Amino acid sequence: MSDAVYASGLRKSFRGQTAVDGLDLKVRKGELVALLGPNGAGKTTTIRLLSTLIEPDGGTALVCGYDVVRSAREVRRRISVTGQFAALDEGLTGLENLILFARLHGQSRREARVTAERLLQTFGLADAASRSVSGYSGGMRRRLDIAVAMITRPELIFLDEPTTGLDPQSRLEVWEAVRSLLREGTAVLLTTQYLEEADRLADRIAVMEQGKIVACGTPRELKDSVGGKTLTVRMAERNIRTQVDRLLYERLGLAARWDDDGLRLAIPVREAAAAAAVIHTLVSNDMLPEHFSLNEPSLDEVLLRLTGPLRKEAAE
């Protein structure tokens, strides 16, 4: 079984400026891969290359088993692309919009209605089928737009920042719509500026920097790559920093980083058991914490480490 996306050494430049520089990427069938990176990293250009909107300068790209240059028509028959703005007729109802697009794809009137009703149900819009799209919320419009993209039952759908500008509730609605795509067996390549979105939805995350994939893995693998967990403790009393430092080092071999207030400390730990040992050690020696929490690395830290100032510091 071929991958939904296979790219090797993909390159593209515009007026002497390199946008995609030897990119390697795989998306398996039925998988959601999120493409993350700073502005100008090459994410949108990558989507345009893989969706046959522009041709690469070099390298290889196969989408659903077909070359994006030599077999562009076959690629287009198997994909769908959804951008940041819904291309819907606001004067029509949700049902009428879907029927219209299904008819444009060559379906009969009866087939189009069956398709439209199925998609309205799949994307949680059945109750709003007869309402004008002009009265839809942002999240409903985006769900309807994704439903339109699913009329042809694509093997792969490109979602380019689909929740940009939406409120938190509408974003959650779109996330559920994306999960519906995956349940249908469709592969998804997602670009987003919202790290929580990638964390919640992605099977794997590919991080782009200067036109290249600099890291790829599950959200857990990427977080683990920048370090373990951090136990943050706020002590109930001041002026015990020396005693705490000595105790943690002698008993557990751990070192703490203290805030300037002399009350809050952060302790890097590899696992939850080590955090539990810290709290037990403090309590059993009458050094009572007022509050504590165990935090994992965030995707923000991952991106800073891989694409931001922290990466430059690590290389120096």
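Because the structure is predicted, anything quoted here is derived from the model rather than measured. Only this structure's heavy atoms are used, side chains among them; waters, hydrogens and symmetry mates stay out.
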J.: Determine whether more than 12 heavy atoms belonging to other residues, nucleotides or ligands lie under 6.0 Å from atom NE2 of His280.
T.: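 Atom NE2 in His280 is not packed in, count stays at 12 or less.
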
J.: Could you check whether Glu271 pairs with Lys229 (Lys NZ or Arg NE/NH1/NH2 to Asp/Glu carboxylate O, under 4.0 Å)?
T.: no

J.: Are the side chain of Asp89 and the backbone of Gly91 linked by a donor-acceptor contact shorter than 3.5 Å?
T.: yes

J.: Output the distance between atom OG1 (Thr186) and atom CD1 (Ile146), rounded to the nearest 0.5 Å.
T.: 11.5 Å

J.: With heavy-atom distances below 4.5 Å as the criterion, would you say the side chains of Val63 and Arg78 are in contact?
T.: no

J.: My understanding is that only one of Leu92, Asn97, Ile99 makes a side-chain contact (heavy atoms from CB on, under 4.5 Å) with Leu95; could you say which?
T.: Ile99

J.: When rounded to the nearest 0.5 angstrom, what distance separates CD1 in Ile47 from CG in Leu189?
T.: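 Ile47 CD1 to Leu189 CG: 4.0 Å, rounded to 0.5 Å.
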
J.: When you check the side-chain N and O atoms of Asp160 and Thr191, is any donor under 3.5 Å from an acceptor?
T.: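 There is such a pair between these side chains.
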
J.: Ring of Tyr194, cation from Arg171 - is the NZ or CZ under 6.0 Å from the centre and inside 45° of the axis?
T.: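 That pair qualifies as a cation-pi contact.
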
J.: Taking the side chain from Glu31 and the backbone from Arg28, do they hold a donor-acceptor pair closer than 3.5 Å?
T.: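 Answer holds: yes.
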
J.: Within this structure, what is the CG-CD distance for the pair Leu181 and Glu176, rounded to the nearest 0.5 Å?
T.: 10.5 Å

J.: Is the backbone N or O of Glu221 less than 3.5 Å from a side-chain atom of Thr218, with the two atoms forming a donor-acceptor pair by type?
T.: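 Indeed, once roles are kept as given, a pair shorter than 3.5 Å links the two residues.
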
J.: Is any side-chain heavy atom of Asn39 less than 4.5 Å from a side-chain heavy atom of Gln193?
T.: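 Yes, at least one pair of side-chain atoms sits under 4.5 Å.
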
J.: Okay, side chain of Ser137, backbone of Met140: is any donor-acceptor separation there less than 3.5 Å?
T.: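 The answer is yes, because a donor-acceptor pair under 3.5 Å joins these two groups.
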
J.: Indicate whether any N or O donor in one side chain lies under 3.5 Å from an N or O acceptor in the other, for Asp245 and Thr242.
T.: no

J.: To the nearest 0.5 Å, what is the distance between CG on Leu231 and CD1 on Ile267?
T.: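 Result: 4.5 Å between the selected atoms.
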
J.: I'd like to know whether CZ of Arg234 has more than 12 heavy-atom contacts from other residues, nucleotides or ligands below 6.0 angstrom.
T.: yes

J.: Less than 4.0 angstrom from a charged side-chain N to a carboxylate O is my criterion; do Arg141 and Glu90 meet it?
T.: yes

J.: Would you say the side-chain atoms of Arg183 and Ser180 include a donor-acceptor pair closer than 3.5 Å?
T.: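 Distance-only check passes for Arg183 and Ser180.
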
J.: For the residue pair Val178 and Leu159, establish whether any side-chain heavy-atom pair is separated by less than 4.5 Å.
T.: yes

J.: Do we see a donor-acceptor contact under 3.5 Å between the side chains of Ser71 and Glu74?
T.: no

J.: Can you find a heavy atom in the side chain of Val269 that is under 4.5 Å from one in the side chain of Thr230?
T.: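 With C-beta onward as the side chain, the pair stays apart.
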
J.: Are there more than 12 heavy atoms of other residues, nucleotides or ligands under 6.0 Å from atom NZ of Lys26?
T.: no

J.: Would the number of heavy atoms belonging to other residues, nucleotides or ligands and lying under 6.0 Å from CZ of Arg220 be above 12?
T.: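 Count over threshold, so yes.
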
J.: For Tyr249, I'd like to know if atom OH has over 12 heavy atoms of other residues, nucleotides or ligands within 6.0 Å.
T.: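 Result for OH/Tyr249: open.
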
J.: Taking atom CD of Gln121 as the centre, does the number of heavy atoms from other residues, nucleotides or ligands within less than 6.0 Å exceed 12?
T.: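 No, CD of Gln121 has 12 or fewer neighbouring heavy atoms, counting only those of other groups under 6.0 Å.
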
J.: Is the CZ atom of Arg113 crowded by more than 12 outside heavy atoms at less than 6.0 Å?
T.: no

J.: Output the distance between atom OH (Tyr66) and atom CD (Glu155), rounded to the nearest 0.5 Å.
T.: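 Interatomic distance, Tyr66 OH to Glu155 CD, rounded to 0.5 Å: 8.0 Å.
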
J.: Roughly how far, to the nearest 0.5 Å, is the CG atom of Leu282 from the CD atom of Gln243?
T.: 11.5 Å

J.: Quick one: list whatever passes side chain to side chain contact (heavy atoms under 4.5 Å, CB included) with Ala277, sequence neighbours left out.
T.: Leu252

J.: Does either side chain, that of Thr52 or that of Arg76, offer a donor lying less than 3.5 Å from an acceptor on the other one?
T.: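 Indeed, the side chains of Thr52 and Arg76 share at least one donor-acceptor pair under 3.5 Å.
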
J.: Please confirm whether the backbone N or O of Asp261 pairs with a side-chain atom of Asp259, one donor and one acceptor, at under 3.5 Å?
T.: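 No; judged by distance alone, with no hydrogens or angles, the pair does not exist.
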
J.: Can you tell me if Thr45 uses its side chain to pair, donor with acceptor, with the backbone of Gly42 under 3.5 Å?
T.: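 No; zero donor-acceptor contacts below 3.5 Å.
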
J.: Is the closest basic N to carboxylate O distance between Lys212 and Asp21 below 4.0 Å?
T.: yes

J.: With a 4.5 Å cut-off on side-chain heavy atoms, are Val188 and Val33 touching?
T.: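 Contact flag for Val33/Val188 side chains = no.
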
J.: For a 4.5 angstrom cut-off between non-hydrogen side-chain atoms, does Trp258 reach Met235?
T.: yes

J.: Are side-chain heavy atoms of Thr192 and Glu197 found at a separation under 4.5 Å?
T.: yes

J.: Against Ile213, only a single residue in Leu23, Asp24, Leu10 fulfils side-chain contact (heavy atoms from CB on, under 4.5 Å); can you say which?
T.: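 Among Leu23, Asp24, Leu10, the one that satisfies the side-chain contact (heavy atoms from CB on, under 4.5 Å) with Ile213 is Leu23.
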
